[in-house]
Engineer: 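Handing you this structure, nothing more for now.
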2 protein chains.
Amino acid sequence: MKYLRQSNICFFFVPKLTTWLNQQDNTMDKTTEEKIYEAARRIFIIKGMEGARMQEIADEAGMNKALLHYYFRSKENLFKAVFKDTFTKFFIKVKDTLFSDISAKEKLVVFIDHYIDLIEANPYVPQFIINEINRDPEVLKSLMFESGVEPRKILELFLNEVQSTNLSKLDPRHIVISLLGMLIFPFVARPLLQMVYFNDDQEAYNKFLSERKEIVKNMILKFIEA
Amino acid sequence: MKYLRQSNICFFFVPKLTTWLNQQDNTMDKTTEEKIYEAARRIFIIKGMEGARMQEIADEAGMNKALLHYYFRSKENLFKAVFKDTFTKFFIKVKDTLFSDISAKEKLVVFIDHYIDLIEANPYVPQFIINEINRDPEVLKSLMFESGVEPRKILELFLNEVQSTNLSKLDPRHIVISLLGMLIFPFVARPLLQMVYFNDDQEAYNKFLSERKEIVKNMILKFIEA
DNA sequence: AAATAATTTAACCATTCAGTTAAATTATTT
DNA sequence: AAATAATTTAACTGAATGGTTAAATTATTT
């Protein structure tokens, strides 16, 4: 049943059962469906839901446009699969660090390391996620529900830990959100910042970004040493 | 000549000469053109160039869609007028603070005050500007050219001043970009942050934002006290 | 008052776009 | 081998969209 994934309950990318059983597909070749998905991901991340064209995705995948509908039923379904998968990858990283067993201070340092690596590997994704959630905040609610992640638990865990270790007198959300801003903003606003502050020099901006890991760590640790 | 503004050299919103001469138009009533422009601004800022519909802008202005073309010739011209005006307002604020006569330290404090006020009054504008520049980085080059602002001079002035006062051993761009991230990101990513960290409580998030002025000042001053 | 210009309107056009379909092809099952 | 199912394709449909136009209305000029 090719439209199983269009259930209103669950939007996620699942390779076909026959693909899974057929070990040959776990080699160099990807299925048609996977190719479509990955082409869609590349186009949607850059152009967003409304800017992307189904024909362009089909061209990127190297196949007929009707196949997109055959496998995913609609543009919206395809987009939701891409968004959910992408968001989950980013959010899981955050959540795993937060729920790990190390100290809050170590968590921040580890988080910065992992997060910058993640953004460097996917520089357009933060804006893609922010734009989509701003376009339709309900999508975030349904994602939280589906992933079983409760924002309140994240918040409580974080507040309790920071409070118990007395790291700082500040509301820790100021620290976290400042941290996120310092990490994400230079990637999201790159064309503007590169031109205004780096003479549109791509190499110089890359160097600037690579320096940020240590600098942001130092800044954050300075914040919390109250 | 109603299409004067479509010159390739200059895109800016100018009230009609007859409007200027006719003092009555400087009262409560706005011209048709101004109404279209402001409706376009409201729609473009929220939905962007591709998401906005000309019919929707016409509806927002309360008039026939053909009038949009009569006054602005095309969707793109209308958008450019809105973008240029909006960007200029934001950028002028930054530039004025930077070129003022006070010390670098005072500049940072004043900048934070002015900038948060500006963003609070126009919460969707930062993302609007970032999205458009990311969509078409060339638009920024032409805007810089038209406004006579040279990014290099901004950079040099800033670097020289920070260097001469020996505020910090850091490359000052790290400070400025961190500052911008801490200021802008909480507005740009509001739906996400509000849900994850504030239980989707709008009042709590507003309170959080109002606290940020002082907190960001303290953080920044801590950065530069080397 | 008449002529001219500017503004406004309803209706329309051409293109773009997501989505659909019948038929052909390929793969799988019996 | 034949039947059945899945996949793929070229062509098409209907809606949405930016843009245009002729005509009517209003404003301004002579």
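Reminder, nothing fancy here: chain letters follow the sequence lines and each chain counts from 1. Both backbone and side-chain heavy atoms feed into the values below; hydrogens, waters and symmetry mates do not.
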Engineer: Closest approach of I57(B) and A39(B), non-hydrogen atoms and distance?
Structural biologist: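 Looks like O-CB, 3.7 Å.
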
Engineer: Would you kindly give the NZ-to-C1' distance between K65(B) and dC13(C), to the nearest whole Å?
Structural biologist: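 Interatomic distance, NZ of K65(B) to C1' of dC13(C): 11 Å.
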
Engineer: Can you tell me the base-pairing partner of dA24(D)? Count Watson-Crick or G-U wobble geometry only, both distances below 3.5 Å, and say none if there is no partner.
Structural biologist: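 The answer is dT7(C), by the H-bond criterion.
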
Engineer: Please state how far atom CD in E50(A) lies from atom P in dC17(C), giving the value in whole angstrom units.
Structural biologist: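 To the nearest whole Å, that distance equals 13 Å.
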
Engineer: Measure from NZ or CZ of R212(B) to the centre of the six-membered ring of Y115(B) and say whether it is under 6.0 Å with the direction within 45° of the ring axis.
Structural biologist: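 Not satisfied by the 6.0 Å and 45° rule.
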
Engineer: Could you tell me the separation between the CD1 atom of I57(B) and the C1' atom of dT17(D), rounded to a whole number of Å?
Structural biologist: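 Rounded to whole Å, this separation is 12 Å.
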
Engineer: Report the distance from atom CZ of F79(B) to atom P of dG19(D), rounded to the nearest whole Å.
Structural biologist: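 In whole Å, dG19(D) P and F79(B) CZ are 13 Å from each other.
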
Engineer: Closest approach to the side chain of T32(A), judged atom by atom: which nucleotide of dT9(D), dA16(D), dT8(D) is it?
Structural biologist: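 Minimum distance to the T32(A) side chain belongs to dT8(D).
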
Engineer: Given side chains that start at C-beta, do those of V82(A) and F72(A) come closer than 4.5 Å, heavy atoms only?
Structural biologist: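 No - every pair of side-chain heavy atoms lies 4.5 Å or more apart.
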
Engineer: Is dA18(C) paired to anything, Watson-Crick or G-U wobble with both distances less than 3.5 Å, and if yes, which nucleotide?
Structural biologist: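 The answer is dT13(D), by the H-bond criterion.
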
Engineer: Considering only side-chain heavy atoms of Y70(A), which listed nucleotide, dT17(D), dT20(C), dA6(D), is closest?
Structural biologist: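 From the listed options, dA6(D) comes nearest.
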
Engineer: Given that both distances must come in under 3.5 Å, which nucleotide forms a Watson-Crick or G-U wobble pair with dT29(D)?
Structural biologist: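 Pair assignment: dT29(D) / dA2(C).
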
Engineer: Quickly work out the Q55(A) CD to dT16(C) P distance and round it to whole Å.
Structural biologist: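 One finds 12 Å between P of dT16(C) and CD of Q55(A), rounded.
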
Engineer: Between dT20(C) atom C1' and K75(A) atom NZ, what is the distance in whole Å?
Structural biologist: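 After rounding, the reported distance stands at 17 Å.
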
Engineer: For the side chain of R73(B), counting heavy atoms from C-beta on, which of dA18(C), dT9(D), dT20(D) is nearest?
Structural biologist: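 Of the options given, the side chain of R73(B) lies nearest dT20(D).
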
Engineer: Closer to the 5' end of DNA chain C via nearest nucleotide, is it N64(B) or M49(A)?
Structural biologist: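 Going by which nucleotide is closer to the 5' end, it is N64(B).
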
Engineer: With heavy atoms under 4.0 Å as the rule, sort A52(B) into base, sugar-phosphate or nothing.
Structural biologist: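 Result for A52(B) = sugar-phosphate.
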
Engineer: Salt bridge check: are K30(A) and E38(A) linked by an N-O gap of less than 4.0 Å?
Structural biologist: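 Yes, this pair counts.
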
Engineer: Less than 6.0 angstrom from the centroid, inside 45 degrees of the normal: does R173(B) satisfy that with respect to the ring of F208(A)?
Structural biologist: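 Cation-pi check for R173(B) and F208(A): fails.
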
Engineer: Using whole Å, what does the distance between atom P of nucleotide dG18(D) and atom CG of L67(B) come to?
Structural biologist: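 The answer, rounded to whole Å, is 16 Å.
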
Engineer: Figure out the CD/P separation between E56(B) and dA16(D), and round it to whole Å.
Structural biologist: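 Whole-Å distance recorded here is 14 Å.
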
